[in-house]
Engineer: 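Here it is: the structure, laid out below.
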Number of protein chains: 2
Amino acid sequence: MTAGGSTPDRDLPIAEMGVVQSAGSSSPIPEATLARLPVYMRSLVEMADEGISTVSSRQLADLAGVNAAKVRKDLSHLGAHGKRGVGYDVDRLLAEIGGALGGSLTPVVIVGAGNLGRALSRYDGFMAGGFPVVAVVDSDRSLEGREISGVSITHVDHMDGVVRATGSRLGIVATPAHAAQEAVDRLVAAGLRSILNFAPAVVSVPPGVQLRKVDLATELQILGYYEHVRTSSEAPEQAVG
Amino acid sequence: MTAGGSTPDRDLPIAEMGVVQSAGSSSPIPEATLARLPVYMRSLVEMADEGISTVSSRQLADLAGVNAAKVRKDLSHLGAHGKRGVGYDVDRLLAEIGGALGGSLTPVVIVGAGNLGRALSRYDGFMAGGFPVVAVVDSDRSLEGREISGVSITHVDHMDGVVRATGSRLGIVATPAHAAQEAVDRLVAAGLRSILNFAPAVVSVPPGVQLRKVDLATELQILGYYEHVRTSSEAPEQAVG
DNA sequence: ATGCGCTTGTGCGCTCGATCACAGGTCACC
DNA sequence: GGTGACCTGTGATCGAGCGCACAAGCGCAT
Ligand SMILES: NC(=O)c1ccc[n+]([C@@H]2O[C@H](COP(=O)([O-])OP(=O)(O)OC[C@H]3O[C@@H](n4cnc5c(N)ncnc54)[C@H](O)[C@@H]3O)[C@@H](O)[C@H]2O)c1
Ligand SMILES: NC(=O)c1ccc[n+]([C@@H]2O[C@H](COP(=O)([O-])OP(=O)(O)OC[C@H]3O[C@@H](n4cnc5c(N)ncnc54)[C@H](O)[C@@H]3O)[C@@H](O)[C@H]2O)c1
């Protein structure tokens, strides 16, 4: 029950945990930086479209809504050398970030063709971002064969074959919570090593499998907390001057 | 996020550092803890359903997939006193967490009734979690009046009235990226102070407004990065071929 | 050639979160 | 009543990440 990949608890060999070492050409790249690279990329694409060829860390920081020093440190992680006194070359930066993030297409399989699964399947932003949805599976046989934006739904029992046939490298779980662990297990069994889970359930994966979760209910509840605190401290009037 | 509200501690003058403390009853509760409370809550609800009345930090930690000490420290933040040698009372803990997170219902308004907005509107988990979707607005007049799970779509121009009439306290932005800033501005103008943004755009809000974002594309890209690093370090021979 | 303004790259201190470890409290059982 | 197993609450330590601030590099105007 203790999630191996998501929360490195006690039993994991610490040596293997942290980052993905140095076989490739790139450096480790810290998570926090990693999470910002796509944001930079979006801003850079916009600039490139406008014909801007050079950008300073300050400008990029403003567009991305972060600190300029952070931008510089982030970019330094992927060896992107800008010119002092000038800034960074937009096109080169795009290439560097793109390369660091994986560059080529990463086909995605979605498990669960309900409300959320269908919305995700139809989302063209994934395709645009290099993550084409090439397969959708569900346990509901009545959905079998139905098409969603060019991809026909397959029964979850055939996941193995579908994953292999389509070359999916990344799985998205959009099943009810009680089926999430099973869905994840099947994805892992099919050979996937990167999974994004939308179900509000704690699932465990074997070591070496990357599991991330998107917990919308939790996001709402965090906002709800602040809302609650605000209203209960605003109501009793401004006691402190 | 140039947002003044999204990361309170960073943007505020250090003098103001303490969070919301003064008037309210509860302590500040750190973000990291806040994000885990809903997870604990889910596990606790399950246990309560099974008739379990007492839980130790170890048990809860296993269910939530985290460290036991972390559970204890988290719970200590909301003054939830367990009994040494025994554990925590499940029902009391549920009440305490529920109270800390806001307790009562927090009505939600969704901006943008496209793929994602409709999926979110139909999601009954929000209602179950205390966040009923009481309003849906869109700029597309052809959607006006159409119903989604009991809520009829209103034109975005009437947002003010709808928000007031429904008592919405929390806004969800599910518009295209280019309309996100406008949507946020309108929500703020309507009096909302807590917003969850799904659009992949950097939006800014006035100080005091809580803005959180859910960036699905970024999640995929982070996974894609690890996938990329793994494959390029696992199959150096095959890749060269 | 030289000075000046602009920008990068990064060392440093700080805060926050995670984990360990242990003292102190509780209960069951004999 | 005493003993031992168990569990909580928290001080201490460690690491990640953030932002400041500055030295070093670059290019243009003169
Ligand atoms: N809909 C939303 O907006 C939303 C928002 C936040 C979180 N979520 C979460 O996302 C998940 C999906 O939500 P939804 O609204 O799409 O639910 P849904 O009930 O509409 O769809 C779930 C789908 O999963 C399929 N399924 C069930 N068991 C399966 C299995 N073992 N293997 C494969 N497929 C299986 C079902 O047939 C169904 O089609 C849920 O866990 C939900 O909590 C949804
Ligand atoms: N669909 C997904 O699964 C998904 C996944 C990740 C991110 N997103 C993001 O969520 C957002 C919505 O995605 P979608 O697929 O639902 O897009 P969509 O195009 O299907 O829907 C967008 C809706 O917003 C409405 N809209 C446009 N401008 C508006 C305005 N100014 N005020 C109010 N409403 C307005 C449109 O009329 C439309 O109904 C996008 O930013 C997208 O990038 C979507």
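All values derive from a computational prediction rather than experimental measurement. Values below: every heavy atom of this structure, side chains too, minus hydrogens, waters and symmetry copies.
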Engineer: At under 4.0 Å, does any side-chain N or O of B/Asn67 touch on OP1 or OP2 of C/dC20?
Structural biologist: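 The answer is yes; a side-chain N or O of B/Asn67 sits under 4.0 Å from OP1 or OP2.
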Engineer: For C/dG9, does either OP1 or OP2 sit under 4.0 Å from a side-chain N or O belonging to A/His81?
Structural biologist: yes
Engineer: So, do B/Ile29 and A/Tyr225 sit near enough that their side-chain heavy atoms are less than 4.5 Å apart?
Structural biologist: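 Contact flag for B/Ile29/A/Tyr225 side chains = yes.
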Engineer: Find the distance B/Leu34:CG to C/dC16:P and express it as a whole number of Å.
Structural biologist: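 It is 15 Å, rounded to the nearest whole Å.
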Engineer: Need one value for A/Ala69: base, sugar-phosphate or nothing, where a base atom within 4.0 Å counts as base even if backbone is also close, heavy atoms only.
Structural biologist: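 It contacts base atoms.
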Engineer: Taking all heavy atoms of A/Ala100 and all of B/His228, pick out the closest pair and write down the distance.
Structural biologist: O-CD2, 3.8 Å
Engineer: Check this one for me: any side-chain N or O of B/Lys83 less than 4.0 Å away from OP1 or OP2 of C/dG25?
Structural biologist: no
Engineer: Could you tell me the separation between the CZ atom of B/Arg84 and the C1' atom of D/dT8, rounded to a whole number of Å?
Structural biologist: 5 Å
Engineer: Using whole Å, report how far CZ of A/Arg72 lies from P of D/dG17.
Structural biologist: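 That distance rounds to 19 Å.
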Engineer: Could you state the atom-to-atom distance from CG of B/Leu60 to P of D/dC7 in whole Å?
Structural biologist: 13 Å
Engineer: Between the side chains of A/Arg169 and A/Thr106, is a donor N or O closer than 3.5 angstrom to an acceptor N or O?
Structural biologist: no
Engineer: Under 4.0 Å between a side-chain N/O of A/Lys70 and OP1 or OP2 of D/dG19, yes or no?
Structural biologist: yes
Engineer: Whole-Å distance between C/dT19 P and B/Arg58 CZ?
Structural biologist: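 So the two atoms are 14 Å apart, to the nearest Å.
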Engineer: Could you tell me how far apart A/Arg92 (CZ) and C/dT8 (P) are, to the nearest whole angstrom?
Structural biologist: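 Nearest whole value for this atom pair: 13 Å.
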Engineer: Calculate the interatomic distance between A/Lys73 atom NZ and D/dG19 atom C1'; express it in whole Å.
Structural biologist: 8 Å
Engineer: Salt bridge between B/Arg212 and B/Glu31, side-chain N to carboxylate O under 4.0 Å?
Structural biologist: yes
Engineer: Can you work out whether A/Val86 or A/Asp74 has the more 5'-proximal nearest nucleotide on DNA chain D?
Structural biologist: A/Asp74
Engineer: Between C/dA18, D/dC22, D/dG17, spot the one nearest the side chain of A/Ala32, thanks.
Structural biologist: D/dG17
Engineer: Tell me whether B/Arg42 is salt-bridged to A/Asp215, with the criterion being a basic N under 4.0 Å from an acidic carboxylate O.
Structural biologist: yes
Engineer: Please tell me if A/Tyr88 has a side-chain N or O lying less than 4.0 Å from either OP1 or OP2 of C/dG9.
Structural biologist: yes
Engineer: Using the closest heavy atom to pick a nucleotide of DNA chain D for each, name whichever of B/Gly82 or A/Arg36 lands nearer the 5' end.
Structural biologist: B/Gly82
Engineer: Quick one: is B/Ser57 getting a side-chain N or O under 4.0 Å of the D/dT8 phosphate, OP1 or OP2?
Structural biologist: yes
Engineer: Taking atom C1' of D/dG17 as reference, at what distance in whole Å does atom CD of B/Glu31 sit?
Structural biologist: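 B/Glu31 atom CD is separated from D/dG17 atom C1' by 15 Å.
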